[in-house]
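Working notes, structure below.
All residue numbers in this chain count up from 1 along the given sequence.
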Amino acid sequence: MKEMVLKAVANPPKILWGPFLPVLLNIGLQFPLMFMAIGVFNMNPLFFLVSIVIVHVFIVSLGVKEPHLSTMIQAFGQTRKPTTNLYKVKGDKFAP
């Protein structure tokens, strides 16, 4: 095997020591909410910056326990797809 493949498996991508996908979701949700709250309610952005840091520390702690958290989230998304039955039966059946 090539070294690059082993590195990708052993060291999943991280952003500031946190798993890639949860960190992007955190930033992708909180930044738009921050700008909307500033524009609509004239809120202090310090509240949102503190909450981003707190959630990021929580995500980093989860990433330390399970470094492949991003891969697990992506795999869960793949398993939530509905199946198509090959034969007419009630419910979801897997037939070869």
Check: Looking only at heavy atoms, what is the nearest atom pair of G63 and K14, with distance?
Finding: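 In this case the closest contact between G63 and K14 is O-NZ, 4.3 Å.
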Next item on the list: Give the minimum heavy-atom separation between F48 and Q30, together with the two atoms involved.
Entry: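 Taking F48 first and Q30 second, the nearest heavy atoms are O-OE1, 3.7 Å.
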In Å, rounded to the nearest 0.5 Å, how long is the span from [atom1] of [X] to [atom2] of [Y]?
X   : Y   : atom1 : atom2 : value
N26 : S51 : CG    : OG    : 7.5 Å
F20 : Q74 : CZ    : CD    : 9.5 Å
F41 : M36 : CZ    : CE    : 9.5 Å
L21 : I59 : CG    : CD1   : 9.5 Å

Same apolar cluster: [X] and [Y], side chain cutoff 4.5 Å:
X   : Y   : result
I15 : L29 : no
L62 : V60 : no
L49 : V40 : yes
F31 : F58 : no
L25 : W17 : no

Can you find a heavy atom in the side chain of [X] that is under 4.5 Å from one in the side chain of [Y]?
X   : Y   : value
P22 : L69 : yes
P19 : E66 : no
L16 : V23 : no
F47 : M34 : no

